[in-house]
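What follows is a set of notes on a single structure, which appears directly below.
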2 protein chains.
Amino acid sequence: MARILIIEDEQDLAGLVDYNLRAAGFETDTANTGAGGLARARAHPPDLVLLDLMLPDVAGGEVLRMLKSDPEMKKAAVVIVSAKGQEADRIQGLELGADDYVVKPFSVRELLLRVKAVLRRADAEEGPAAVLAAGDISLDTSRHQVRVKGEEVILTALEFRLLRTLLERSDRVQTREVLLSDVWGIQAEIHTRTVDTHIKRLREKLGPAGDIIETVRGVGYKLSPP
Amino acid sequence: MARILIIEDEQDLAGLVDYNLRAAGFETDTANTGAGGLARARAHPPDLVLLDLMLPDVAGGEVLRMLKSDPEMKKAAVVIVSAKGQEADRIQGLELGADDYVVKPFSVRELLLRVKAVLRRADAEEGPAAVLAAGDISLDTSRHQVRVKGEEVILTALEFRLLRTLLERSDRVQTREVLLSDVWGIQAEIHTRTVDTHIKRLREKLGPAGDIIETVRGVGYKLSPP
DNA sequence: GCGCTCGGGACATCCATGTGACATCCATGC
DNA sequence: GCATGGATGTCACATGGATGTCCCGAGCGC
């Protein structure tokens with residue numbers, strides 16, 4: 001079973017997470033500072049790092065950067081844990097190469113789901129098929145690459161995530177709330193044009209193939225392969 | 001819509017929460033003691049339990065343990081409600097298998113968001129099979145898609161909700177008032193042709209299959225499968 | 001400083017929806 | 001069988017809400 005490194009300064013929370021991950025059959029390791037976490041990671045490269053962005057010593061973002069710059073530790077998937085409201089962190093984390101994030105306070109079930117999902121993806125990538133496809137679009141999760149009719153299309157981290165979410169749930173309608181929650185990590189009602197704007201950008205970049213992202217008026221969006 | 005059981009000893013708070021959950025379209029049930037709550041849960045297994053940890057009789061944690069140990073009630077998601085600062089409760093609650101946690105005083109909005117998020121997650125975990133059918137008509141909730149003899153029929157959001165409501169209550173007559181309340185969310189007497197108009201549009205779009213929507217003169221409408 | 005990304009306000013646009021008027025149907029009483 | 005009144009079917013249209021689109025400011029890496 002997979003090795004998970006928890007870098008978190010709140011002892012209570014770290015203990016809780018540790019307990020539950022072990023109960024779910026993972027091997028765990030914990031550190032309560034950024035420096036300590038990096039040391040642990042070097043000593044025993046984990047499969048996944050649970051990283052709190054608010055650490056007493058180093059900034060979480062810095063830890064993430066270090067992790068990703070070391071060829072040995074680079075393979076580890078990273079799930080960001082951040083306090084509610086710090087949305088800038090979230091974006092930044094994703095741009096730096098985090099694989100997912102959960103917002104505090106989170107439920108254990110949610111955390112486990114996300115951890116398992118990330119590990120599953122990481123697993124699948126090692127195999128031959130880490131490619132999601134629909135119509136003319138193919139998305140390679142391991143290379144972080146999208147092609148339309150074989151032509152590469154450059155997407156931002158957020159756009160990639162949005163497209164992947166839609167592809168993983170092909171044919172099922174996703175409400176704006178669900179997308180905000182699963183792609184953005186925000187739990188909120190909608191008053192803004194955020195989702196729409198990014199859907200628009202995605203459609204634009206995908207060109208004619210973007211038509212497979214359907215608007216379901218009054219409900220949300222749906223990707224439906226031909 | 002989902003069933004929610006509220007176990008809370010403060011009458012005012014219970015009433016407020018109850019009112020708002022109902023307004024949001026949930027079915028609710030309330031109990032103001034732990035023992036009472038367990039009894040209600042046994043009688044009508046809920047989809048989600050809102051559990052106050054500070055109860056007059058049994059400790060909330062004990063209630064949670066009992067809930068989770070009964071195979072029938074185990075399926076219910078649990079959201080803990082507890083006074084601020086009781087960090088220990090939080091840890092304990094989540095370890096015992098609660099799905100989320102709300103700290104008093106909380107805003108109704110926040111509670112609703114969390115309840116919805118938890119239910120959404122629980123839903124996603126169960127199979128995707130959410131297809132209602134009657135005669136030549138089949139309705140797929142997650143895809144938001146309706147087919148008549150395999151042919152897709154495009155419905156608006158409202159028409160879809162109307163058809164789903166009728167399908168869920170096949171063979172039982174629905175008065176216009178009930179439909180207005182459950183499909184439209186309006187509580188009113190009828191002076192307008194609203195329901196009739198939409199029934200008409202639905203029949204039209206369904207073609208010959210639309211005949212299974214029967215008019216029960218003087219009462220309302222009924223969907224009766226052959 | 002420049003360029004990129006993202007959020008979200010301010011419109012423009014579109015179409016689903018509610019409504020009242022009228023047509024039609026049907027149960028009822030004679 | 002027939003007249004009658006109330007219930008239901010049908011229609012056209014305005015209106016508001018939902019979505020598409022544009023654009024600007026903020027934040028960040030280089």
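Quick note on labels: first sequence line is chain A, next is B, and so on, each numbered from 1.
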Original post:
For the pair made of CD in A:Glu204 and C1' in D:dC22, what is the distance, rounded to whole Å?
Top reply: 11 Å

Original post:
Does A:Thr197 put a side-chain nitrogen or oxygen below 4.0 Å from OP1 or OP2 of D:dT21?
Top reply: no

**OP:** Just call it for B:Thr156: base, sugar-phosphate, or nothing, with non-hydrogen atoms closer than 4.0 Å on any strand.
**Re:** sugar-phosphate

**OP:** Determine, for A:Arg176 against A:Asp196, whether the closest basic-nitrogen to carboxylate-oxygen distance falls under 4.0 angstrom.
**Re:** yes

Original post:
Does D:dA18 have OP1 or OP2 sitting under 4.0 Å from an N or O in the side chain of A:Thr215?
Top reply: no

Subject >> Most 5' of A:His191 and A:Lys205 on DNA chain C, judged by nearest nucleotide >> reply: A:Lys205

Subject >> Phosphate contact (D:dC11 OP1 or OP2) by B:Lys200 side-chain N/O below 4.0 Å >> reply: yes

Subject >> Distance, rounded to the nearest Å, where B:Leu202 contributes CG and D:dT10 contributes P >> reply: 13 Å

**OP:** Let me know the distance between CZ of A:Phe160 and P of C:dC4, rounded to the nearest Å.
**Re:** 21 Å

Subject >> Side-chain donor/acceptor contact of B:Arg217 with base of D:dG9 under 3.5 Å >> reply: no

Original post:
Between D:dT8 and B:Arg176, is there an OP1 or OP2 to side-chain N/O distance shorter than 4.0 Å?
Top reply: yes

**OP:** Could you check how far CG of B:Asp196 sits from C1' of D:dG6, rounded to whole Å?
**Re:** 13 Å

Subject >> Nearest-angstrom distance from the residue atom CD1 of B:Ile199 to P of C:dC25 >> reply: 19 Å

**OP:** Could you tell me whether B:Glu152 atom CD has more than 12 heavy atoms of other residues or ligands within 6.0 Å of it?
**Re:** yes

**OP:** Report yes if at least one side-chain N or O of B:Trp184 is closer than 4.0 Å to OP1 or OP2 of C:dT17; otherwise report no.
**Re:** no

Subject >> Nearest-Å distance for atom pair CD/P, residues B:Glu159 and C:dT17 >> reply: 6 Å

Original post:
So, is B:Thr192 close to the C:dT19 phosphate, meaning a side-chain N or O under 4.0 Å from OP1 or OP2?
Top reply: yes

Original post:
Using the ring of each side chain (for Trp, its six-membered ring), is B:Trp184 parallel, tilted or perpendicular to B:His198, with breaks at 30° and 60°?
Top reply: perpendicular

Original post:
Salt bridge or not for A:Arg201 and A:Glu159, using N-O below 4.0 Å?
Top reply: no

**OP:** Looking at every strand, decide which applies to B:Arg203 at a 4.0 Å heavy-atom threshold: base, sugar-phosphate, or nothing.
**Re:** sugar-phosphate

**OP:** Answer yes or no: does atom CZ of B:Arg203 have more than 12 heavy-atom neighbours from other residues, nucleotides or ligands under 6.0 Å?
**Re:** yes

**OP:** Look at the side chain of B:Arg193 and the base of D:dG9, then say whether one donor and one acceptor between them are separated by less than 3.5 Å.
**Re:** yes

Original post:
Please give, in whole Å, the distance from C:dT17 P to B:Leu155 CG?
Top reply: 10 Å

Subject >> Distance test, side-chain N/O of B:Tyr221 to OP1/OP2 of D:dG9, below 4.0 Å >> reply: yes

Subject >> Rounded interatomic separation in angstrom, taking CG from B:Asp211 and P from D:dG9 >> reply: 12 Å

